[in-house]
There are 2 protein chains.
Amino acid sequence: MSNNEVFKALSDPTRREILRLLGLREMSAGQLTEKFDMTKPSMSHHFAVLKEADLITSRREGQQIIYSLNTTVVQDMLTWMLDFFRHDSNRNNEP
Amino acid sequence: MSNNEVFKALSDPTRREILRLLGLREMSAGQLTEKFDMTKPSMSHHFAVLKEADLITSRREGQQIIYSLNTTVVQDMLTWMLDFFRHDSNRNNEP
DNA sequence: AACACAATTAGACAGTTGTCTAACAATCTA
DNA sequence: TAGATTGTTAGACAACTGTCTAATTGTGTT
C-alpha cells in the first residue's frame with residue numbers, strides 16, 4: 001500500500017461512500033451497486049481502485065464477490081494522518 | 001469548506017507536503033517554493049487549491065504572501081475522518 | 001517615474017480519471 | 001449442456017488535473 005494510492009482512492013465521493021457502507025457491514029458487489037445510481041462496470045472500477053489501495057478486501061462466495069473493509073489499513077491510515085497533523089495542536093509551544 | 005474539496009486537495013503529494021511544512025511553521029510562498037522542484041506558477045496553483053479547501057490561510061506582508069495552516073479546519077477534518085471510520089474497531093459487536 | 005522583486009493569472013497541453021456500452025468470465029441450476 | 005445470474009474486462013470519450021511559459025499585478029526602492 002502506498003500512501004498516495006490511499007489518498008487518491010479517498011478523493012472520490014463514491015468510493016468514500018462505499019467505504020462508509022462497508023464500515024457498517026460487508027456486502028456483495030451487487031448489494032453495493034444497488035445503493036448507487038451507476039452502472040456495474042463503473043462500480044467495479046471503484047472496487048478495483050479501493051482494492052489496489054488495500055482499503056478493501058474481497059472473497060468469492062458462489063456467484064457473488066463479497067467486499068469488506070480492510071480494518072488494518074484504515075487504522076494505519078488514520079494513525080498516519082493524526083501523526084501528519086500532530087503539530088496543529090501544539091505548534092506554538094514546541095520547537 | 002466542502003468535504004470533497006478537502007479530499008481533492010489532499011489527493012496530491014505536493015499539497016500534502018505543503019501542509020506538512022506549514023504544520024511546522026508558517027512560510028511565505030517563496031520559501032515554500034524553494035522546497036520543491038517546481039515553478040512558482042505551479043506552486044501558486046497548489047496554494048489556491050489548498051485555500052479553496054480552506055486548509056490554509058494567507059496574508060500579505062509587504063511583497064510576500066505568508067501562508068499558514070488553518071488549524072481549525074484540519075482538526076475538523078481529522079475528527080470527521082475518525083468518526084467516518086469509527087465502526088472499524090467495533091463493527092462486530094455493534095448493531 | 002523607473003526598476004526590481006514576489007507572487008498570481010491566463011492560456012496551452014499532455015496525462016489521468018470517471019463514466020458508459022459491449023463483450024467476456026465464472027458460477028449455479030434446470 | 002443451455003440459460004440465468006453475478007461480476008469483471010476492454011475500449012472509447014469527455015472532463016479534470018498538474019505542469020509549463022508568458023504576461024500581469026502589487027509592493028518597495030532608488
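Residue numbers start from 1 in every chain, and the chains themselves are labelled A, B, ... in the order their sequence lines are given, proteins ahead of strands. Note: hydrogens, waters and symmetry copies are ignored here, and every other heavy atom, side chains too, is used.
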Do [X] and [Y] have side chains that approach each other closer than 4.5 Å (heavy atoms only, starting at C-beta)?
X	Y	value
B:V49	B:L55	no
B:M38	B:T33	no
B:H46	B:I18	yes
A:R59	A:S68	yes
B:E26	B:Y67	no

Residues [X] and [Y] bridged, charged N to O under 4.0 Å:
X	Y	result
B:E5	B:K8	no
A:R15	A:E17	no
A:K40	A:E34	no

Next item on the list: Consider only side-chain heavy atoms of I, L, V, M, F, W and Y, link residues closer than 4.5 Å, and tell whether A:V73 and B:L10 are in one cluster.
Entry: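 Yes, same cluster.
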
Check: Reading nucleotides 2-10 of chain C from the 5' end, what letters show protein touch, with B for base, S for backbone sugar-phosphate only, - for no heavy atom under 4.0 Å?
Finding: ---BSBBB-

Note to self: Only Watson-Crick and G-U wobble pairs with both distances less than 3.5 Å should count. Give DNA chain D in dot-bracket notation, marking inter-strand partners with |.
What the structure shows: ||||||||||||||||||||||||||||||

Notebook entry, point to check: Atom CG of A:L50 to atom P of C:dT17: distance rounded to whole Å?
Noted result: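 Going from CG in A:L50 over to P in C:dT17 covers 14 Å.
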
Check: Taking any atom under 4.0 angstrom from a heavy atom of chain A, which nucleotides of DNA chain D are the first and last to qualify, 5' to 3'?
Finding: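 Here the contact window of chain A covers D:dT5 to D:dT9.
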
Item checked: Polar contact flag, side-chain donor to acceptor under 3.5 angstrom, A:S58-A:K51 ->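 Yes.
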
